[in-house]
Chemist: 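Sharing a structure here in structure tokens format.
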Amino acid sequence: MNDEVTNSDTPEAGGTGGHGADFIREAVAEDLRTGRFSYVRTRLPPEPNGWMHIGHAKAFSIDYFVAKDFGGTCNLRFDDTNPAKEDMSFVEAIQRDTLWLGLDCRDRVLFASDYYELMYGHAVKLIEKGVAYVDDLSEEETREYRGTAVPDKNNITLTPPGRNSPYRDRTVAENLDLFARMRAGEFADGEKTLRAKIDMAHPNLVMRDPVMYRIKREPHYRTGDAWCIYPMYDFQEAISDAVEGVTHSLCSLEYEIHRPLYEWFIRETGVFPSRQIEFARLNISHTVLSKRWLLRLVQDGVVSGWDDPRMPTIAGLRRRGYTPEAIQDFLGRIGIAKTDSLVDIQLLEHCLREDLNRRAPRVMAVQKPLRLVIENWPEGSVDELEAVNNPEDASAGTRKVPFSGELWIERDDFAEVPPPKYFRLYPGNSVRLRYGYIVTCTGFDKDPATGEITAVRCSYDPATRGGNAPDNRKVKGTIHWVSAARALPVEIRLFDKLFAAERPMDVPAGVDWVATVNPDSREVLSGAFAEPSLATAEPGDSFQFERLGYFCCDADSRPGALVFNRSVSLRDTWAKIEKKQS
RNA sequence: UCCCCGGUUGUGUAAUGGUAGCACAGCAGACUCUGGAUCUGCCUGUGGGGGUUCAAAUCCUCCCUGGGGAACCA
């Protein structure tokens, strides 16, 4: 549709770029067509006060790929104007995470704090124009004078006009002097503010003489104690975007109501007129995307840290085994709109499965082991069987897997009394051992005290080596296994939804939402076994454990003591049948 | 009844006055040495009422309903 201006070549990184024109791209195309702008520049505007989560990934990907699609550039600018909360470690973490996601802004990393002097100059200009003034009202008084939407007796809310501050009509000279002295540190924190002189009766509360500067004696992680006054968001954003020549200042819906103020600052200072466009932020079912909530989970020790594999943070997703490709695919699929929405977490999981199915090497591991004894196996004999590394990718080749008379199989793959439609191992039934032999269950051992099955006995058919049945007999079940003699002990960590509730934020009044965390969201299996080829796995490596799911080697792994996180299970038809039966 | 923005199958998103489509989920089946993967089919939707028009998800209007706004945070 807008072929003359678009330049969509985002094959590898589909992201929020590979799909049709959303309303933002349409607006950008329109601006180019009408000549409002002759180029496109966007910016990722993180505040370095916390870890990036997938909600930020959505916002940043929109910024990045919109610019890319139109042949423009995208800055990574840290909006660091609140020294009380910000830190260099967050800057580094955000840079690492954005790069990992495929948002490469390495040669365009900028800081709002570099524009402090420039912002100060613009503020002075506004004072000289008579549209900004120094106010002596306290924080509480400011709030009170601004007025508020109040519920009346009919439970109807309305917003009465605010009142002018008694200091609103100071002379320009007086304001100039006071503002200079604010900067010089002559006043205590909170004693004075610089305010834009707009309209205390404005129906939009944001426009009722918003604060532009506050006094805050707090060392800044980049400017140290050079400043004791810091600009507020709206003023800072307008100036920073202008300095950088940002054409499209994309942000989430919560800033929609701020747009008139953003535009007011642009108009009054006469700087480059960036266009702000808002979109809906991301919500995902069964998790939370709020820095505050995530912080609480970390502080309360509910999770092991910001990179706990259950966390929706980029670091958490990475540790869980998510790939940047899967995340970008997901972000491309959810689209961009202004509708407040809740995306099903199953879509995210689907994207991971689809990506890993294509790329992850297959391997056999047993989560909950049960001993399988092949009674007619030649004593001491070991067979080396050939296994396919990835049926989706012939170039991945094959590997040898040791087989012998004692194996570990999955406890769930044996049933003393098979439920309906069960076609794995039970007395008298045959199954194929993946890439191995067809075996027939001849019996089992049971601990008379506990009733626990301690071993399953079977016989094998030597003619079925490799899993083929020369007599063409149908064997319905194929199960995975690990040679007991060569088994690699590993720890497996199973993860599930962080919250059982679809919308954890909608917690009933009086209930502490932290208590609603899914107690089964993490399960550690310390007695698992894997085939020997896994010995060389390194943290970050992903595998498909056949029939179980995709697993990622965790950073907690030590040589000889590997740990694997379940990234996502395989689709499990049997689980559905089982569920229906119960 | 203060200001702003929204409402399209269960979920997310297209259709920009002209056949309501796609994906995920769900259901059914085919195939299979992963109950994986793959393939096929099915299911359900324009919040409501008026109006404009040959024709409305789309434009107008009223209503209903959801979200945001009352930080010296961003």
Side-chain angles (χ1 to χ4, degrees), chain A residues 19-20 22-23 26 45-47 49 79-82 84-85 135 137-139 142-143 146-150 152 154-162 189-190 192-195 202-208 210-216 229-230 232-234 236-237 251-260 278 280 285 291 333-344 346-351 353-354 357-358 362 364 388 391-392 421-424 432-436 438 466-469 475-480 502 544-549 569-577:
Chain A
H19 300 258
D22 50 81
F23 77 96
E26 280 175 6
E47 183 189 12
N49 69 344
D79 282 349
D80 51 359
T81 51
N82 185 7
K85 296 181 175 176
D135 196 2
L137 252 30
S138 72
E139 198 171 339
T142 303
R143 225 192 316 273
R146 178 171 43 231
T148 178
V150 292
D152 74 0
N154 297 321
N155 211 17
I156 291 161
T157 58
L158 63 156
T159 308
D189 287 12
K192 292 188 186 335
T193 58
L194 182 71
R195 292 234 255 165
H202 199 108
N204 179 352
L205 275 349
V206 170
M207 297 296 274
R208 317 250 264 222
V211 172
M212 290 173 59
Y213 272 90
R214 75 281 209 189
I215 302 171
K216 200 169 200 149
I229 56 171
Y230 292 94
M232 298 288 290
Y233 169 80
D234 298 284
Q236 172 274 125
E237 196 72 359
C251 59
S252 53
L253 248 28
E254 54 197 302
Y255 294 103
E256 202 162 27
I257 201 156
H258 290 248
R259 194 188 332 132
E278 312 84 11
S285 68
K291 273 183 194 170
R333 291 182 194 228
I334 59 173
I336 308 170
K338 296 186 73 166
T339 319
D340 202 37
S341 62
L342 181 71
V343 178
D344 192 337
Q346 288 184 98
L347 180 60
L348 216 208
E349 296 177 341
H350 167 82
C351 292
R353 283 194 192 99
E354 196 166 87
N357 176 48
R358 218 164 15 94
R362 271 60 169 176
M364 289 193 284
V388 173
E392 306 290 322
K421 292 186 184 164
Y422 185 87
F423 47 82
R424 281 115 88 173
R432 177 171 20 242
L433 295 170
R434 178 77 156 153
Y435 299 121
I438 293 175
N468 304 305
V475 178
K476 200 113 197 287
T478 298
I479 66 174
H480 60 278
E502 204 170 54
Q544 185 197 97
F545 290 180
E546 294 216 29
R547 301 210 302 137
L548 297 177
S569 66
L570 249 23
R571 283 184 58 207
D572 189 347
T573 311
W574 172 246
K576 277 183 189 168
I577 296 171

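By convention in this document, chain letters (A, B, ...) are assigned in the order of the sequence lines, proteins followed by strands, and residues within each chain are numbered from 1.
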Chemist: Taking only side-chain nitrogens and oxygens of A:Thr573, does any of them come within less than 4.0 Å of OP1 or OP2 of B:G36?
Modeler: yes
Chemist: When you measure only distances, ignoring hydrogens and angles, does the side chain of A:Gln346 come within 3.5 Å of the base of B:G26 through a donor and an acceptor?
Modeler: no
Chemist: Please identify each residue that fulfils ring pair (Phe, Tyr, Trp, His ring centres under 6.0 Å) with A:Tyr435, with sequence neighbours left out.
Modeler: none
Chemist: What nucleic acid atoms does A:Ile257 come within less than 4.0 Å of, heavy atoms only: base, sugar-phosphate, or nothing?
Modeler: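 If one applies the 4.0 Å heavy-atom cut-off, A:Ile257 turns out to touch a base.
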Chemist: Strictly below 4.0 Å: does A:His480 bring a side-chain N or O up to OP1 or OP2 of B:U34?
Modeler: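 No, A:His480 has no side-chain N/O under 4.0 Å of OP1/OP2 on B:U34.
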Chemist: Within the structure, does a side-chain N or O atom of A:Arg333 lie under 4.0 Å from either OP1 or OP2 of B:U13?
Modeler: no
Chemist: What distance, rounded to whole Å, do you find between the two P atoms, one in B:C24 and one in B:G17?
Modeler: 30 Å
Chemist: Any chance you could encode RNA chain B as dot-bracket? Rule is Watson-Crick or G-U wobble with both distances under 3.5 Å; [ ] for pairs crossing earlier ones, | for another strand.
Modeler: .((((((..((((....[..)))).(((((.......)))))....(((((..]....))))))))))).....
Chemist: Any side-chain N or O of A:Arg146 below 4.0 angstrom from OP1/OP2 of B:C72?
Modeler: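 Yes, A:Arg146 has a side-chain N/O under 4.0 Å of OP1/OP2 on B:C72.
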Chemist: Measuring only the C1' atom in each nucleotide, how far is B:U53 from B:G68? A whole number of Å is fine.
Modeler: 36 Å
Chemist: Please tell me which of A:Asn468 and A:Asp344 maps to the more 5' nucleotide of RNA chain B, matching each residue to the nucleotide holding its nearest heavy atom.
Modeler: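 By nearest-heavy-atom nucleotide position, the 5'-most residue is A:Asp344.
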Chemist: Does A:Lys338 put a side-chain nitrogen or oxygen below 4.0 Å from OP1 or OP2 of B:G7?
Modeler: no
Chemist: For A:Pro391 versus A:Arg362, what's the shortest heavy-atom pair and its separation?
Modeler: CD-NE, 3.7 Å
Chemist: Within the structure, does a side-chain N or O atom of A:Arg547 lie under 4.0 Å from either OP1 or OP2 of B:G35?
Modeler: yes
Chemist: Does A:Asp135 pair with A:Arg195 as a salt bridge, N-O distance under 4.0 Å?
Modeler: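 Looking at A:Arg195 together with A:Asp135, the answer is yes, because their closest N to O distance falls below 4.0 Å.
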Chemist: If you check the A:Leu347 side chain, which of B:U34, B:C24, B:G35 turns out closest?
Modeler: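 Output: B:C24.
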Chemist: Is there a donor and acceptor pair, one atom on the side chain of A:Arg353 and one on the base of B:G36, closer than 3.5 Å?
Modeler: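 Check fails, no donor-acceptor contact within cut-off.
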Chemist: Evaluate A:Glu47 against A:Lys85 for salt bridge (Lys or Arg N to Asp or Glu O under 4.0 Å), listing each step before the verdict.
Modeler: CA-CA 9 Å; A:Glu47 183 189 12; A:Lys85 296 181 175 176; 5.5 Å; no
Chemist: Is any side-chain nitrogen or oxygen of A:Arg214 closer than 4.0 Å to OP1 or OP2 of B:A74?
Modeler: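 Answer is yes, contact under 4.0 Å.
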Chemist: Which heavy-atom pair separates A:Lys338 from A:Ala280 by the least distance, and what is that distance?
Modeler: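 Distance-wise, the nearest heavy atoms are C-CB, 3.9 Å.
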Chemist: Which part of the nucleic acid, if any, lies within reach of A:Leu194 when heavy atoms closer than 4.0 Å are counted: base, sugar-phosphate only, or nothing?
Modeler: nothing
Chemist: Taking only side-chain nitrogens and oxygens of A:Lys291, does any of them come within less than 4.0 Å of OP1 or OP2 of B:C73?
Modeler: no
Chemist: Would you indicate what A:His258 reaches in the nucleic acid, counting non-hydrogen atoms under 4.0 angstrom: base, sugar-phosphate, or nothing?
Modeler: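 Counting heavy atoms under 4.0 Å across all strands, the contact made by A:His258 includes a base.
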Chemist: Go through the N and O atoms of the side chain of A:Arg362 and the base of B:U34, and report whether any donor-acceptor pair is under 3.5 Å.
Modeler: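 Yes, the side chain and the base share a sub-3.5 Å donor-acceptor pair.
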Chemist: If only side-chain N and O atoms of A:Ser138 are considered, is one of them under 4.0 Å from the OP1 or OP2 phosphate oxygen of B:C72?
Modeler: no
Chemist: Relative to the 5' end of RNA chain B, which residue comes earlier, A:Tyr213 or A:Phe545, by the nucleotide with the nearest heavy atom?
Modeler: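 Going by which nucleotide is closer to the 5' end, it is A:Phe545.
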Chemist: Does the side chain of A:His480 come under 3.5 Å of the side chain of A:Arg434 through a donor N or O and an acceptor N or O?
Modeler: no
Chemist: With respect to the side chain of A:Pro391, which nucleotide from B:U34, B:C24, B:A71 is positioned closest?
Modeler: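 Comparing B:U34, B:C24, B:A71 against the side chain of A:Pro391, the answer is B:U34.
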Chemist: Do NZ/NE/NH1/NH2 and the carboxylate oxygens of A:Glu349 and A:Arg571 come within less than 4.0 Å?
Modeler: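 No, A:Glu349 and A:Arg571 are not salt-bridged.
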Chemist: Looking only at the side chain of A:Ser341 (C-beta and beyond, no hydrogens), which of the listed nucleotides B:C72, B:U13, B:C4 gets closest?
Modeler: B:U13
